[in-house]
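This report refers to the structure that appears directly beneath it.
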Amino acid sequence: MANRSGGLPLLMLIFITWRDSMRCCAVTADPPEDLAILDLGRLGRLEITWSPPSSLMSITKCLLQYQLEYFNTYKNRWETLRTPGRTYSAQFDLSKDVQVRVSTILNGECTNNTVIKSKEYTEVVKKPSSTGIWDTEAKEFMCVYHNMENLECTWTRSLKTPTSSLQNLYFWHKSLEQAVECPSYIMSDGVRMGCNFSGKPLPEFTDIYFCVNGSSSEGPLKQAFFSMQIQNQVKASAPDKLYLQTSSNRQLEFYWTNPAGRLHVHCLEWEVRHHHVGADGKISLNHIHTKTPSLTLLFSDSNERHCFQVRSRLNSYCVDKSFWSDWSYETCHPVLENVKATLEPELNFVSVYIYIAVAIIVTLVVLLSVWATINMRRAGLEKKVDYLLPKLLTKHFTQGVSKIYSGKKIWTDVII
């Protein structure tokens, strides 16, 4: 009897569990409806919207969520997230397919606290715009943030871009309502080849999206889209003050400073180019990386010669990437007195030889000029005599003949 009474609660528990499981399985989730992708003119920042499934409009005591999946064209992978909302914005490359799909998720008392996901999902694939002449999009798009003060973006034209084309650049970031055109174009032979943002600074550590499109007499050009954060495009100015000195323990101390500006020293790293000529005439070139704006080297021979250049860039602790600056001017260790003593006489003799050669050449040029002038004058006089002499002879001969025929006895003109 006791065994029967003890088994009854167990049977009731099993029944309740079975009934709840049947109730759970009786609830199903349909996928969302009215999935749409809206382009608000933000260069690929698209709004994704959807509606809850009509079959779940009357569901209570349950949390309704959605699982959104979209293909990130910049990272070339699917992104997944869960949200109770019905809208979401994401960035897409509009030159590629936009793929979005949404599923429904139920969880709570109505599902006996069991997470249920819809077996199917709603999907939309938005194809890129087919307008634009094929292979006329901008090439080699690049932005450089000079010394973290002035941003310049440049591009090159495709070989198939018509010569009559006019290209435009637009940009957008989250602080703007819509895309804005370039404030100042960079021109090359009357052609737009870049944009200068000096009059319109852009935010750092923010995704900025660019689009280069255009038009021509043959039709619209194909669009090109780009994305970046400008703090990763910094090109520092070259170090402008270099100092090189020797110490009593035969050390070369080389240090430098960067131009004043927004770049902090703790964010910089440097590369030193060291050109060394040994006492034996052997030449070597070394590149040295350093985290500090100084370098100390030993030199063992007084006849050695050391020359240095340095360049800088932002390190990986402050930005993801950056450009090297240009190389600084070169500074060299002064030659020692004994080297000067051997070099200066040779240099003096070379200078004397050069001066003598120049003087000889100048003298020859002057003499040739005088000789040519004299010959030209002499030739001119001879031509003048040869021209006048026949005329004089003809004149005298004619006058004599005329007197004879006029009855004169003698010819009074004498021709010599």
Side-chain angles (χ1 to χ4, degrees), residues 36-49 68 70-77 79 81 83 85 87-100 126 128-129 132 137-156 166-186 192-214 221-236 261-264 267 313-314 316-323:
I37 301 174
L38 306 178
D39 188 349
L40 303 179
R42 297 174 180 173
L43 303 185
R45 190 73 178 184
L46 304 179
E47 293 290 326
I48 306 168
T49 64
L68 172 66
Y70 65 93
F71 190 76
N72 190 322
T73 50
Y74 290 102
K75 297 181 180 179
N76 199 34
R77 71 185 185 193
E79 304 282 0
L81 60 97
T83 174
T87 62
Y88 187 79
S89 63
Q91 190 70 33
F92 297 90
D93 184 347
L94 296 183
S95 64
K96 302 176 182 178
D97 287 356
V98 176
Q99 304 176 64
V100 176
K126 183 181 176 66
S129 174
E137 66 271 21
K139 309 288 186 181
E140 300 177 2
F141 185 85
M142 182 180 68
C143 293
V144 179
Y145 197 14
H146 295 281
N147 215 37
M148 226 166 185
E149 295 173 351
N150 179 36
L151 178 71
E152 285 187 349
C153 297
T154 57
W155 62 86
T156 60
L166 179 65
Q167 290 180 303
N168 313 298
L169 179 138
Y170 294 89
F171 64 96
W172 180 86
H173 51 81
K174 62 183 180 181
S175 299
L176 299 174
E177 285 295 325
Q178 287 188 326
V180 179
E181 189 174 2
C182 166
S184 177
Y185 285 103
I186 299 172
R192 292 177 176 178
M193 301 299 293
C195 180
N196 190 316
F197 292 87
S198 58
K200 194 175 186 67
L202 300 181
E204 299 166 7
F205 298 96
T206 299
D207 290 328
I208 301 175
Y209 303 93
F210 301 90
C211 171
V212 181
N213 59 20
L221 306 183
K222 196 170 184 62
Q223 301 179 100
F225 296 88
F226 311 93
S227 171
M228 66 185 67
Q229 293 190 2
I230 63 172
Q231 79 280 352
N232 295 325
Q233 306 298 124
V234 174
K235 181 179 180 180
R262 296 186 57 213
L263 300 181
H264 299 286
C267 281
R313 72 175 177 185
L314 292 179
S316 58
Y317 297 105
C318 295
V319 296
D320 293 335
K321 61 179 181 178
S322 65
F323 300 106

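All residue numbers in this chain count up from 1 along the given sequence.
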Taking it one step at a time, do N168 and L166 satisfy side chain to side chain contact (heavy atoms under 4.5 Å, CB included)? CA-CA 7 Å; N168 313 298; L166 179 65; 4.2 Å; yes

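- In this structure, CG in L81 is found 4.5 Å from CG in L68, a value given to the nearest 0.5 Å.
- Within the model, atoms CE of M228 and CE of M142 stand 9.5 Å from one another, a figure rounded to the nearest 0.5 Å.
- At distances below 3.5 Å, at least one donor-acceptor pair connects side-chain atoms of Y185 with backbone N or O atoms of L169.
- When each of F197, F141, Y209 is paired with F171, the ring pair (Phe, Tyr, Trp, His ring centres under 6.0 Å) condition holds for F197 and for no other.
- In this structure, Q233 contributes its side chain and Y145 its backbone to no donor-acceptor pair below 3.5 Å.
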Working for side chain to side chain contact (heavy atoms under 4.5 Å, CB included), residues L40 and R45: CA-CA 8 Å; L40 303 179; R45 190 73 178 184; over 6 Å; no

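- Heavy-atom minimum distance, I208 versus P203: CD1-O, 3.6 Å.
- Proximity of a side-chain donor or acceptor of T73 to a complementary backbone N or O of D93 within less than 3.5 Å is detected.
- The minimum heavy-atom distance between S198 and N150, with the atom names listed, is CB-OD1, 3.1 Å.
- Here CD of E181 is found 11.0 Å from SG of C211. Values are rounded to the nearest 0.5 Å.
- In terms of modelled atom types and a separation under 3.5 Å, the side chain of R313 and the main chain of S322 share no donor-acceptor contact.
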Can you check side chain to side chain contact (heavy atoms under 4.5 Å, CB included) on L151 and C143, steps first, answer last? CA-CA 7 Å; L151 178 71; C143 293; 3.9 Å; yes

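- When atom types are taken as modelled, the side chain of N232 and the backbone of D320 share a donor-acceptor pair closer than 3.5 angstrom.
- Between R262 and E149, the shortest heavy-atom contact is N-OE2, 4.0 Å.
- A pairwise comparison of heavy atoms in W155 and G194 identifies CZ3-CA, 3.4 Å as the closest pair.
- Here CE of M193 is found 8.0 Å from OG1 of T154. Values are rounded to the nearest 0.5 Å.
- When each of L202, V144, V319, T206 is paired with I230, the side chain to side chain contact (heavy atoms under 4.5 Å, CB included) condition holds for L202 and for no other.
- Residues Q91 and G44 come closest through the heavy atom pair NE2-C, 3.1 Å.
- With N213 as the partner, the side chain to side chain contact (heavy atoms under 4.5 Å, CB included) test is satisfied by one option alone out of Q167, Q223, E137: Q223.
- In this structure, A236 and N147 approach most closely via the heavy-atom pair CA-OD1, 3.9 Å.
- Ring geometry for Y70 against F92 counts as perpendicular: the plane angle is over 60°, on a 0 to 90° scale with 30° as the lower cut.
- Atom-to-atom distance recorded for Y170:OH and F225:CZ is 12.0 Å, nearest 0.5 angstrom.
- The number of heavy atoms from other shown groups lying within 6.0 Å of CD (E177) does not exceed 12.
- Counted by atom type alone, Q229 and D207 present one or more donor-acceptor pairs between their side chains at under 3.5 Å.
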Trace of the side chain to side chain contact (heavy atoms under 4.5 Å, CB included) decision for L221 with V212: CA-CA 9 Å; L221 306 183; V212 181; over 6 Å; no

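- For a disulfide, the SG atoms of both cysteines must be under 2.5 angstrom apart; this fails for C195 and C153.
- Considering SG of C318 and NE2 of H264, their distance stands at 8.5 Å, rounded to 0.5 Å.
- Side chain of T156 to main chain of K139: a donor-acceptor pair is present (N/O by atom type, distance under 3.5 Å, no hydrogens or angles).
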